[in-house]
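Have a look at the structure below before the remarks.
For reference, positions follow the sequence shown, starting with 1. The figures here come from the full heavy-atom set of this structure, side chains too, leaving out hydrogens, waters and symmetry mates.
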Amino acid sequence: MHAADGAVTAAEAAALLRAAEQVAPAEPRAARLRRLLRDMFRLAIERSHMRVALVGLAFVGVFGAISTKLLMTAIFGEPPSQEHRAAATASTAFRPDIVDRNGEILATDIRTVSVFAEPGNIYDKDEAVELLTAVLPELNASELRTKLTQKPGKKGVGFVWVKRELTPKQQAEVHRLGIPGIGFLPDHKRVYPNGFAAAHILGATNLDGVGIAGIEKYIDSTGLQALNSAGLVAKQADLKPVQLSLDLRAQFAVRDELAKGIEHFKAKAGASMILDVRTGEVIALVSMPDFDPNDPKDALSPDRINRMNVGVYEMGSTFKAMTLAMALDSGKYNVNSTFDTRGGVLNWGRQKIHEYHGTNRVITMPEVFTHSSNIGSAKMALGVGVPGHKAFLKRMGLTDRLRTELPESAAPIVPQRWTEINTITIAFGHGIAVAPLQAAAAVGAIVNGGELITPTFLKASADDVRAHATRVLSPQTSEAMRYIMRLNAAEGSAKKASVPYYFVGGKTGTAEKVIGGRYNKNRLFTTFMAAAPMNDPKYLFVTIMDEPQGLPESGGYATAAWNSGVVTGKVIERVAPILGLPPQFEPPVRPFPLMVKLNAYHVNQLGGP
């Protein structure tokens, strides 16, 4: 057998001993033996020192790698699996800020973290559930236990969310638990710093940062999700803020006045808005009850719909503005045309049309409006005819669904078979149901010179909007309607909203609600529309109320002038200075020159010399 490397054989030891005796024969045997052993071990060490060094380096390398791995895991966590990567992508999608027309933040993102679990790395599920629900009591213990229980046959550690969007305090408490298999991922939380303000416009996002309603959903439809999925958005600053047409100051004021009005008049619900009739921009829009987009769990409740855009209603006598505009623009009538309302009843087949404020005399076209004559309106519409009536309302955008940036909208309800009796009732606002926003757009066209502009919730310039406006009325018809609406505020049903110095004009609308297929006189839907200033309109103010109640101050009446009209007047008075609408301390000079030329009814009482 061969000796192992580094060992001294017996023959070699004997040879060394003989050599030592020849060199120093006189040396005692014991001393020679000690020297021999010393030389033998010195030789073994000298021959093996390289191997010892190599083994040492190997141990250093192994332990160094282990230490580095532990250190990296402690700092950065485990390398992300495919499930981790998918979760991280979903949870860190960036969204642009949403700002009002003046740059005030309406919606933004803040950094946060979410806690996840790897069920395959959690050895005691019951203990984990007990500890996590102790620091996060909002978690459902049975649901969490189900999440942490891996399905049979599933390989890998798995991935499940435990809770999204933790507060720093919650993160610290979970971290202190030290549960293996529990970790954190960076996340973003969408926040709305103004709470309820503009909730129906902004909408909301889900936990994955995807828009589910309102402008938030609109933003995703413009390609935001594709950009995030492609990894082209590295930070929120890469995204340009979305600037809305809303004015946050006006929004707060409108909501405050509407809330007071709903409470005072004991209404079930209400809504109010301000529309720029020159650009189509929605300056403010409130629908109540509303919700907080920071906690949108109530957003899907039926009583929290956006009544301006999603609800469709019979608009009552506000539709008489459409009827008069149609009659004037048809050329069959002029501002001095007269209508016989004597008797107070219009018999049409088996139907009887009654006046609400009957005059029992022949009245002029402006008086049809100021006295809100159903008979006069019906005779105008019949004079134009069913085909002309249908064509006009379609031209005004009232028979088709209104499309804006808001994904939510409702189609109008129109008669399937449109006969003369339908034309008669629609002439004074019954028998057709539309969204108040599209009715406002039509009235906006009536007062702005005759151009129909689709409402927008994005900030726009007048030049951009005008390029896409559609002329639906002649400027002469628009002037006649401005004069009639101003006359109604001066001596008709719109007096409640006639704020001094702002030259307001408007129209009330009271519709009985259909309950069980029949009109109920005790359950009303009221509307008020007012524009200012009527010599050169800038803004249209709209208020609706669902089932307001009569009060002692109104003599028990619950019609529009006594509630929606009052609220609209308070909104104008409060918001006009905010919007920079200057008061006119002297009546405007000849605001309706064509009406003066035609010597229209009471026109000389509406302006300066």
Heavy-atom closest pair, residues [X] and [Y]:
X: Val335; Y: Met365; result: O-CB, 3.8 Å
X: Pro582; Y: Gly580; result: CD-O, 3.2 Å
X: Leu202; Y: Ala197; result: CD1-O, 3.9 Å
X: Ala439; Y: Met315; result: CB-CE, 4.2 Å
X: Leu246; Y: Val282; result: CD2-O, 3.3 Å
X: Pro455; Y: Glu405; result: O-OE1, 4.3 Å

Contacts of [X] that satisfy side chain to side chain donor-acceptor pair (under 3.5 Å) - sequence neighbours left out:
X: Ser373; result: Glu355
X: Gln438; result: none
X: Lys495; result: none
X: Tyr192; result: Glu216

Q: Check the pair Ser493 / Thr508 against side-chain hydrogen bond (donor to acceptor under 3.5 Å, both in side chains), numbers first and verdict last.
A: CA-CA 6 Å; Ser493 62; Thr508 57; 3.1 Å; yes
Q. Do Thr108 and Asp97 meet the criterion of a side-chain donor-acceptor pair at a distance under 3.5 Å?
A. yes
Q: Examine the side chains of Thr419 and Asn422 and answer whether a donor and an acceptor come within less than 3.5 Å of each other.
A: yes
Between [X] (side chain) and [Y] (backbone), is there a donor-acceptor pair under 3.5 Å?
X: Tyr539; Y: Ala530; result: no
X: Arg471; Y: Leu473; result: yes
X: Lys320; Y: Phe428; result: no
X: Asn563; Y: Ala558; result: yes
X: Asn309; Y: Glu408; result: yes
X: Thr568; Y: Ser564; result: yes
X: Ser372; Y: Phe369; result: no
X: Ser474; Y: Thr477; result: yes
X: Asn535; Y: Pro588; result: no
X: Lys538; Y: Pro533; result: no

Using the test ring-ring contact (aromatic ring centres under 6.0 Å, His included), find all partners of [X] that sit at least two apart in sequence or belong to another chain.
X: Tyr502; answer: none
X: Tyr519; answer: His430
X: Phe457; answer: none
X: Trp418; answer: His389

Quick one: pull up [atom1] in [X] and [atom2] in [Y] and give me the separation to the nearest 0.5 Å.
X: Ser478; Y: Leu328; atom1: OG; atom2: CG; value: 11.0 Å
X: Leu324; Y: Tyr333; atom1: CG; atom2: OH; value: 10.5 Å
X: Thr205; Y: Asp220; atom1: OG1; atom2: CG; value: 9.0 Å
X: Thr425; Y: Phe319; atom1: OG1; atom2: CZ; value: 10.5 Å
X: Gln351; Y: Leu346; atom1: CD; atom2: CG; value: 10.5 Å
X: Leu285; Y: Ser272; atom1: CG; atom2: OG; value: 8.0 Å

Q: List for me each residue that meets salt bridge (Lys or Arg N to Asp or Glu O under 4.0 Å) alongside Lys513, sequence neighbours excluded, and say none if there are none.
A: Asp546, Glu547
Q. Can you pull the salt bridge (charged side-chain N to carboxylate O under 4.0 Å, His left out) pairs that have at least one residue in residues 566-584, sequence neighbours excluded?
A. Asp256-Arg574, Glu257-Arg574
Q. Is there any salt bridge (charged side-chain N to carboxylate O under 4.0 Å, His left out) pair reaching into residues 478-488, and which pairs are they, with sequence neighbours excluded?
A. none
Q.
side-chain contact (heavy atoms from CB on, under 4.5 Å) for Val362 and Phe339? Distances and angles first, verdict last.
A. CA-CA 5 Å; Val362 175; Phe339 303 87; over 6 Å; no
Q: Begin from the C-alpha positions of Glu512 and Arg523 and carry the test side-chain contact (heavy atoms from CB on, under 4.5 Å) through to its verdict.
A: CA-CA 6 Å; Glu512 296 171 0; Arg523 300 175 71 174; over 6 Å; no
Is [Y] paired with [X] through a side-chain N to carboxylate O contact shorter than 4.0 Å?
X: Asp276; Y: Arg278; value: no
X: Arg361; Y: Glu367; value: yes
X: Asp290; Y: Arg307; value: no
X: Arg101; Y: Glu281; value: yes
X: Asp292; Y: Lys297; value: no

Within the 4.5 Å heavy-atom criterion, are [X] and [Y] side-chain neighbours or not?
X: Glu104; Y: Val99; answer: no
X: Phe252; Y: Asn194; answer: yes
X: Val312; Y: Val434; answer: no
X: Asn604; Y: Met595; answer: no

Q. In terms of heavy-atom contacts, does CD of Glu553 have more than 12 from other residues, nucleotides or ligands at under 6.0 Å?
A. yes
**Q.** side-chain contact (heavy atoms from CB on, under 4.5 Å) between Thr341 and Val368, intermediate numbers included
**A.** CA-CA 9 Å; Thr341 67; Val368 170; 5.9 Å; no
(Q) Using the rule given for side-chain contact (heavy atoms from CB on, under 4.5 Å), can you reason through Val254 versus Ile274, listing the C-alpha separation, both sets of side-chain angles and the distance that settles it, and then say yes or no? (A) CA-CA 9 Å; Val254 171; Ile274 304 172; 3.7 Å; yes
Q | ring-ring contact (aromatic ring centres under 6.0 Å, His included) partners of residues 262-308, not counting sequence neighbours, each pair once | A | His200-Phe291
Q: Go through Asn336 and Asn334 one step at a time and tell me if the side-chain hydrogen bond (donor to acceptor under 3.5 Å, both in side chains) criterion holds.
A: CA-CA 5 Å; Asn336 292 318; Asn334 61 50; 4.6 Å; no
